[in-house]
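See structure below.
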Amino acid sequence: MIDPAILRTDPDRIRESQRRRGESVEVVDELIAADAAKRAAQQHFDELRNQQKVLGRQIGPLQGALKKAADDTSRARAQAEVEALMAQASTLADDVKAADAAAIEAAALADGLWLRISNLVNLDSPVGGEADFVVLEEVGTPRDFAAEGFEPRDHLDIGELLDAIDTVRGAKVSGSRFFYLKGIGAQLEFALLNLAMQQASANGFIPMITPAIVLPSAMEGTGFLGQAAENVYRLDDDDLYLVGTSEVPLAAYHSDEILDAAALPIRYAGWSSCFRREAGSYGKDTRGIIRVHQFDKVEMFVFTTPDAAEAEHARLLRWERDFVEALELPYRVIDVATGDLGSSAARKFDIEAWIPTQGAYREITSTSNTTEFQARRLRIRMRDGDRVQPLATLNGTLCAMPRIIVAILENHQQPDGSVVVPQALRPFLGGRAVLTAPEPATRA
RNA sequence: GGAGGCGUCGCCUAGUCCGGUCUAUGGCGCCGCACUGCUAAUGCGGUUUGGGUCUUAACACCCAUCGCGAGUUCAAAUCUCGCCGCCUCCGCCA
C-alpha cells in the first residue's frame with residue numbers, strides 16, 4: 001500500500017497514478033470516505049473504552065475496602081457503591097462491544113479498498129499500455145544468418161539435436177508447457193546458476209535458497225493476489241501458494257521486522273523454482289520453453305532506504321545488463337509503460353534479448369522499483385535514528401533459466417546445430433567451448 | 001501422525017495456580033544527563049509497536065498491543081475454547 005497520509009493531504013496524486021495505470025479512479029473517493037469512517041468509528045470506540053476503564057479502576061479498590069470493612073454500616077455502604085458502579089459499567093460494556101464491532105467493520109472496509117490501489121507510478125514512466133513502452137537502448141548486433149549462409153534453427157530444434165531439451169516427455173508426464181532439461185541442457189543450467197551467483201556475490205548479494213511455497217500473507221504482501229492472481233497456483237487443501245518468483249519469499253523474509261537503516265542496503269540473490277499458471281496465454285509461445293509452467297530463476301532482491309531506491313534500481317539494471325553482456329547476447333532495454341507495471345511497481349525496466357528465429361526482441365529480465373509499497377504491506381520498516389519508517393524494496397531478474405537458454409542456443413548456434421559457449425560460461429562447463437550432440441549410443 | 005512442555009514491549013526474566021493500584025517486574029544492551037585528565041566505574045532519567053486527538057514542531061493526552069483469534073466478565077497477561085509456532089520424546093522418512 002501507499003502512504004495513507006497522501007490520501008488525506010494529496011488524493012489527486014493517487015487519482016493521477018490510477019488514471020495513468022488505466023485503473024479505477026473512483027476507488028480513491030470510496031477510500032477517502034471509508035478512511036474517514038474508519039477513524040471516526042475507532043475514535044468512538046476509544047472514548048467509550050476510556051470511560052469503561054475509568055469506571056473499572058474504581059471498582060477494584062472498592063472491593064478491597066469492602067473486604068476490610070470494619071463494621072456492617074461501612075460494609076453496606078461500600079457494597080452499595082460497588083453495585084452502583086457495576087450497573088453503570090454493565091450498560092457501558094454493551095456500548096463498547098457494539099462500538100468495537102463497528103470499528104472492526106469500518107477498518108475491514110477501508111483495508112479492503114486499500115488493497116485495490118496500486119503503487120504510485122513514477123512520473124517518468126511512459127503512459128499507456130503494453131505496447132507503449134519506450135526503448136532506452138539497443139546493445140549488440142543481431143547476427144546476419146543470411147550472410148553466413150544458413151537458416152537458423154529455433155531453440156527447440158537445437159535443444160532436441162543436442163538432446164538437451166525434451167518437451168514431448170514433459171507433456172507426457174506433466175502436461176503442456178512442462179519440459180525436461182537433459183544432459184548438456186541440465187549442465188547448462190547449473191553453469192548459468194553458478195555464473196549468476198558468482199556475479200551476484202561479487203556485487204554484495206547474499207545467496208539464498210528460498211521456499212517455493214508460501215502463506216497467503218506473503219503472496220498478498222507482495223501484491224500478487226490482485227490482477228495477477230489468475231497466474232498463481234494455489235494449494236487448496238492447505239491454503240498455500242506456489243510462488244511465481246522468489247521475489248515473494250525474499251520480500252517476506254523480513255516481514256514484521258524493523259531493520260537498522262545503517263545496515264541498508266541488504267541485497268539477496270534468491271534461487272528457486274517458479275510456478276506460473278499462464279492463464280490467458282493459450283496459443284502464445286506454445287512451442288519450446290519460452291513460456292512454461294515451471295522454471296528456475298536467480299532473482300535479485302534489495303531492501304534499501306526510500307531515498308536510495310532510484311539509484312539502486314539503476315544498479316539492478318546495470319547488473320542485469322552485465323550478465324546478459326557476459327553471455328554475448330544482443331539485447332535492448334525498455335522502459336515499461338504505466339499500464340503494464342503490475343500493482344507493486346512504480347517503475348519497471350525490462351531487458352529483451354534478440355531471438356533470431358522470431359526476428360524479435362523477447363523479455364528475459366525485469367527489474368522493478370516497488371518503493372515502499374511492498375514494505376508497507378509486509379510491515380517491513382527501518383529504524384533511522386529515533387524514527388521508525390517504511391523502507392523501499394526492489395527486485396530484478398538475474399537469470400531466468402529457460403529464456404536465457406533459448407537466447408544462448410539461438411544466438412550462438414552454428415550451421416551443424418552445435419552451439420558456441422560464451423567465454424564467461426566456459427569455466428562453469430569444465431572449459432567446454434562448444435555444445436555438441438551426444439554420441440548416438442548415449443541417446444535415448 | 002501421537003504424547004508432553006513452552007510462547008511476556010531488542011535479549012533474558014517476574015507475574016498466570018487464586019481476574020482488579022499490571023498504568024507489566026528486574027537484569028543485560030542501547031540513548032541522554034551528571035560526575036570524572038580520557039576510558040572505565042558510579043548515579044539519575046529514558047528506551048515495544050501501531051492508531052488517534054492537538055499541532056509548524058516538540059510536548060502532552062487517549063486507545064490498542066503479553067504468539068493469533070474468539071468467548072466468559074463490570075473488568076483478562078491471568079479463566080475457557082480454537083488456531084499457529086518452537087522444544088523434547090515416539091512413529092514415519094530423503
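First the proteins, then the strands, lettered A, B, ... as listed; each starts at 1.
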Within this structure, what is the [atom1]-to-[atom2] distance between [X] and [N], rounded to whole angstrom?
{"X": "Asp239(A)", "N": "C83(B)", "atom1": "CG", "atom2": "P", "answer": "16 Å"}
{"X": "Arg383(A)", "N": "U49(B)", "atom1": "CZ", "atom2": "C1'", "answer": "9 Å"}
{"X": "Ile380(A)", "N": "G50(B)", "atom1": "CD1", "atom2": "P", "answer": "14 Å"}
{"X": "Gln389(A)", "N": "G50(B)", "atom1": "CD", "atom2": "P", "answer": "11 Å"}
{"X": "Glu257(A)", "N": "C11(B)", "atom1": "CD", "atom2": "P", "answer": "11 Å"}
{"X": "Leu55(A)", "N": "U21(B)", "atom1": "CG", "atom2": "P", "answer": "15 Å"}
{"X": "Asp111(A)", "N": "G51(B)", "atom1": "CG", "atom2": "P", "answer": "12 Å"}
{"X": "Asp94(A)", "N": "G71(B)", "atom1": "CG", "atom2": "P", "answer": "13 Å"}

Quick one: which residue pairs count as a salt bridge (Lys or Arg N to Asp or Glu O under 4.0 Å) with a foot in residues 335-345 of chain A, not counting sequence neighbours?
Asp335(A)-Arg347(A)
Just the atom pairs and distances: protein N or O near nucleotides 52-59 of chain B's N or O, under 3.5 Å.
| from | atom 1 | to | atom 2 | distance (Å) |
| --- | --- | --- | --- | --- |
| G52(B) | OP1 | Arg8(A) | NH1 | 2.9 |
| G52(B) | OP1 | Arg8(A) | NH2 | 3.3 |

Does [X] put a side-chain nitrogen or oxygen below 4.0 Å from OP1 or OP2 of [N]?
{"X": "Arg49(A)", "N": "A64(B)", "result": "yes"}
{"X": "Lys53(A)", "N": "A64(B)", "result": "yes"}
{"X": "Gln52(A)", "N": "A75(B)", "result": "yes"}

Aromatic centroids of Phe190(A) and Phe428(A) separated by under 6.0 Å:
no
Nucleotide of U72(B), A64(B), A75(B) approaching Ala93(A) most closely (side-chain heavy atoms):
A75(B)
Among A75(B), A64(B), C62(B), the one nearest Asn50(A) by side-chain distance:
C62(B)
Between [N] and [M], how many Å separate the two [atom1] atoms, rounded to a whole number?
{"N": "G7(B)", "M": "G69(B)", "atom1": "C1'", "result": "16 Å"}
{"N": "U16(B)", "M": "G67(B)", "atom1": "C1'", "result": "16 Å"}
{"N": "C59(B)", "M": "G5(B)", "atom1": "C1'", "result": "47 Å"}
{"N": "C81(B)", "M": "U72(B)", "atom1": "P", "result": "15 Å"}
{"N": "A70(B)", "M": "A76(B)", "atom1": "P", "result": "13 Å"}
{"N": "G15(B)", "M": "U8(B)", "atom1": "C1'", "result": "9 Å"}
{"N": "A57(B)", "M": "G51(B)", "atom1": "P", "result": "16 Å"}
{"N": "C11(B)", "M": "C30(B)", "atom1": "P", "result": "16 Å"}

Name the nucleic acid region contacted by [X], choosing base, sugar-phosphate or nothing; use a 4.0 angstrom heavy-atom cut-off, strictly under.
{"X": "Ile258(A)", "value": "sugar-phosphate"}
{"X": "Arg381(A)", "value": "sugar-phosphate"}
{"X": "Glu47(A)", "value": "nothing"}

Going by the rule ring pair (Phe, Tyr, Trp, His ring centres under 6.0 Å), which residues pair with Phe178(A) if we only count those two or more places apart in sequence or in a different chain?
His293(A)
Just so I know, are the side chains of Ser246(A) and Met208(A) near enough to count as touching, which here means a heavy-atom distance under 4.5 Å?
no
Name the pairing partner of [N], where a pair is Watson-Crick or G-U wobble with both distances under 3.5 Å, or state none.
{"N": "G45(B)", "result": "C31(B)"}
{"N": "C54(B)", "result": "none"}
{"N": "A14(B)", "result": "none"}
{"N": "C83(B)", "result": "G67(B)"}
{"N": "C89(B)", "result": "G2(B)"}
{"N": "U23(B)", "result": "none"}

Side chains of Asn194(A) and Gln198(A): is there a donor and an acceptor less than 3.5 Å apart?
no
Using residues 390-397 of chain A as the side-chain source, report each donor-acceptor pair under 3.5 Å to any protein atom, sequence neighbours left out, with the distance given to one decimal.
| from | atom 1 | to | atom 2 | distance (Å) |
| --- | --- | --- | --- | --- |
| Thr393(A) | OG1 | Thr370(A) | OG1 | 2.7 |
| Thr393(A) | OG1 | Gln374(A) | OE1 | 3.0 |
| Asn395(A) | ND2 | Glu247(A) | OE2 | 3.4 |
| Thr397(A) | OG1 | Ser366(A) | N | 3.1 |
| Thr397(A) | OG1 | Ser366(A) | O | 3.3 |

Near RNA chain B, under 4.0 Å by heavy atom, which residues of residues 98-109 of chain A?
none
Test Asp100(A) against Arg49(A) for salt bridge (Lys or Arg N to Asp or Glu O under 4.0 Å), laying out the working first.
CA-CA 9 Å; Asp100(A) 189 26; Arg49(A) 180 73 175 141; over 6 Å; no
I'd like to know if Asp285(A) and Arg177(A) make a salt bridge, using a cut-off of under 4.0 Å between side-chain N and carboxylate O.
no
Sequence neighbours left out, cut at 3.5 Å: what donor-acceptor pairs do the side chains of residues 399-407 of chain A make with other protein atoms?
| from | atom 1 | to | atom 2 | distance (Å) |
| --- | --- | --- | --- | --- |
| Arg403(A) | NE | Ile290(A) | O | 2.8 |
| Arg403(A) | NH1 | Glu363(A) | O | 3.1 |
| Arg403(A) | NH2 | Ile290(A) | O | 3.2 |

Could you pull out every donor-acceptor pair under 3.5 Å between side chains of residues 269-276 of chain A and any protein atom, sequence neighbours left out?
| from | atom 1 | to | atom 2 | distance (Å) |
| --- | --- | --- | --- | --- |
| Ser273(A) | OG | Asp296(A) | OD1 | 2.7 |
| Arg276(A) | NE | Gly244(A) | O | 2.9 |
| Arg276(A) | NH2 | Gly244(A) | O | 2.8 |

Using distance only, find each side-chain donor-acceptor pair of residues 309-317 of chain A under 3.5 Å and give its atom names and separation, not counting sequence neighbours.
| from | atom 1 | to | atom 2 | distance (Å) |
| --- | --- | --- | --- | --- |
| Glu312(A) | OE1 | Arg267(A) | NH2 | 3.0 |
| Glu312(A) | OE1 | Arg315(A) | NE | 2.9 |
| Glu312(A) | OE1 | Arg315(A) | NH2 | 2.8 |
| Glu312(A) | OE2 | Arg267(A) | NE | 2.7 |
| Glu312(A) | OE2 | Arg267(A) | NH2 | 3.4 |
| His313(A) | NE2 | Thr367(A) | O | 3.0 |

Results of side-chain contact (heavy atoms from CB on, under 4.5 Å) for Ala99(A) - residues two or more places apart only
His44(A), Phe45(A), Leu48(A)
